[in-house]
Amino acid sequence: MDQPTTPDLERSYEYLLNLWTSGVRDYHSLISGYLTANSIFVAAIGLLVSRQPTLRIFSVFIVVLCIFGLVVTLQMAIVLGRFDLQNSLWEWRLRGIERTPGWNHFTPFGDLYTLKDQKTFVTDQQNTPIMFHTNWAFRVHRRWWAHRSISFPLFFGIIYLLFLAWSIAQLLGARILI
């Protein structure tokens, strides 16, 4: 199979860069939307929990809100995981084009990969300083506990499960079974 020509690679690179950019934008928009929705659910549940004494109807309503919150959290995990994988695929393809012999343009995705996944420094003899160092947050951001598509759903899932357990305990304490 023939090697693609430079104009074909540049066009492919531009298309992939546009896909990656729109994917990152959509990913951050989804995070913002899911965080807002989950924050509203948690605030509504917290408001109902803070009512003393808790009426049975409010405990039932908290159970319903917790179930909806868990569904939204599961959806958040699936969608954010999908977008994260899709963006990683575009980055992988872009790095492949940047490694192609004859590519004489900047290699930001190759440099980013070098910094965050291979944990080595990027050097540029034409720049000051010559060596670019990463910080702690950049080095650990791909770990499971720092990854937004895992940590946010885990955080909200735990909150919803705690509220669900509390409301079920309230209902069972009142000797009412749903």
Side-chain angles (χ1 to χ4, degrees), residues 15-95 108-119 132-178:
Y15 291 147
L16 286 170
L17 188 60
N18 287 333
L19 285 170
W20 177 81
T21 303
S22 65
V24 168
R25 182 193 65 235
D26 293 343
Y27 180 81
H28 288 286
S29 295
L30 281 169
I31 284 176
S32 177
Y34 280 121
L35 285 175
T36 301
N38 278 309
S39 296
I40 290 170
F41 272 100
V42 169
I45 293 168
L47 183 65
L48 292 172
V49 166
S50 69
R51 293 184 52 93
Q52 292 300 327
T54 305
L55 300 175
R56 285 182 226 121
I57 189 70
F58 290 136
S59 293
V60 171
F61 192 55
I62 291 169
V63 169
V64 171
L65 285 176
C66 286
I67 291 170
F68 284 148
L70 286 169
V71 169
V72 168
T73 300
L74 180 63
Q75 182 187 26
M76 178 171 87
I78 292 168
V79 171
L80 291 179
R82 179 188 160 273
F83 267 97
D84 190 41
L85 180 66
Q86 177 179 302
N87 292 337
S88 295
L89 174 63
W90 302 145
E91 286 180 25
W92 181 69
R93 291 288 183 195
L94 287 161
R95 280 195 322 270
F109 291 94
D111 293 344
L112 187 64
Y113 178 75
T114 299
L115 285 170
K116 71 179 179 185
D117 293 334
Q118 294 181 343
K119 296 179 178 57
F132 184 81
H133 300 274
T134 61
N135 61 16
W136 175 85
F138 197 79
R139 288 189 301 269
V140 300
H141 102 282
R142 288 273 181 180
R143 296 194 181 138
W144 72 268
W145 55 269
H147 207 278
R148 289 171 286 204
S149 62
I150 295 170
S151 61
F152 286 159
L154 185 63
F155 171 74
F156 283 110
I158 290 170
I159 289 173
Y160 289 130
L161 288 174
L162 289 173
F163 278 135
L164 184 64
W166 179 87
S167 61
I168 289 174
Q170 292 294 312
L171 288 171
L172 292 177
R175 298 187 196 324
I176 294 180
L177 298 176
I178 298 175

Can you tell me how far the CH2 atom of Trp92 sits from the CG atom of Asn87, to the nearest 0.5 Å?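 Answer rounded to 0.5 Å: 15.0 Å.
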Exam field: side chain Asp84 to backbone Leu80, donor-acceptor pair closer than 3.5 Å: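 Not a single qualifying donor-acceptor pair exists.
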[X] to [Y] - nearest heavy-atom pair and separation:
X: Leu171; Y: Arg56; value: CD2-O, 3.9 Å
X: Ser149; Y: Gly81; value: CB-N, 3.8 Å
X: Arg95; Y: Gly110; value: CG-N, 3.7 Å

Pairing residues for Tyr34 by the ring pair (Phe, Tyr, Trp, His ring centres under 6.0 Å) criterion, not counting sequence neighbours: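 For Tyr34 there are no ring pair (Phe, Tyr, Trp, His ring centres under 6.0 Å) partners, ignoring immediate neighbours.
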Listed by chain and number, what are the ring pair (Phe, Tyr, Trp, His ring centres under 6.0 Å) partners of Trp166, not counting sequence neighbours?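 Result, ring pair (Phe, Tyr, Trp, His ring centres under 6.0 Å) vs Trp166: none returned.
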Distance-only check: which donor-acceptor pairs under 3.5 Å involve side-chain atoms of residues 21-32, not counting sequence neighbours?
| unit_1 | atom_1 | unit_2 | atom_2 | d |
| --- | --- | --- | --- | --- |
| Thr21 | OG1 | Leu17 | O | 2.7 |
| Ser22 | OG | Asn18 | O | 3.2 |
| Ser22 | OG | Leu19 | O | 3.0 |
| Ser29 | OG | Arg25 | O | 3.0 |

Looking at residues at least two apart in the chain, or sitting in another chain, which of them share a side-chain contact (heavy atoms from CB on, under 4.5 Å) with [X]?
X: Ser167; value: Ile62, Val63, Leu164
X: Leu74; value: Ile78
X: Tyr15; value: Arg11
X: Phe61; value: Leu48, Leu65

Quick one: does [X]'s side chain get under 4.5 Å of [Y]'s, heavy atoms only?
X: Leu154; Y: Ser151; value: no
X: Trp20; Y: Phe109; value: yes
X: Val42; Y: Tyr160; value: yes

Go through the steps to decide whether Leu35 and Phe156 satisfy the test side-chain contact (heavy atoms from CB on, under 4.5 Å), and finish with yes or no. CA-CA 9 Å; Leu35 285 175; Phe156 283 110; 3.5 Å; yes
Exceeds 12 heavy-atom contacts within 6.0 angstrom, atom CG of Leu47: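 Buried by this count: over 12 neighbours within 6.0 Å.
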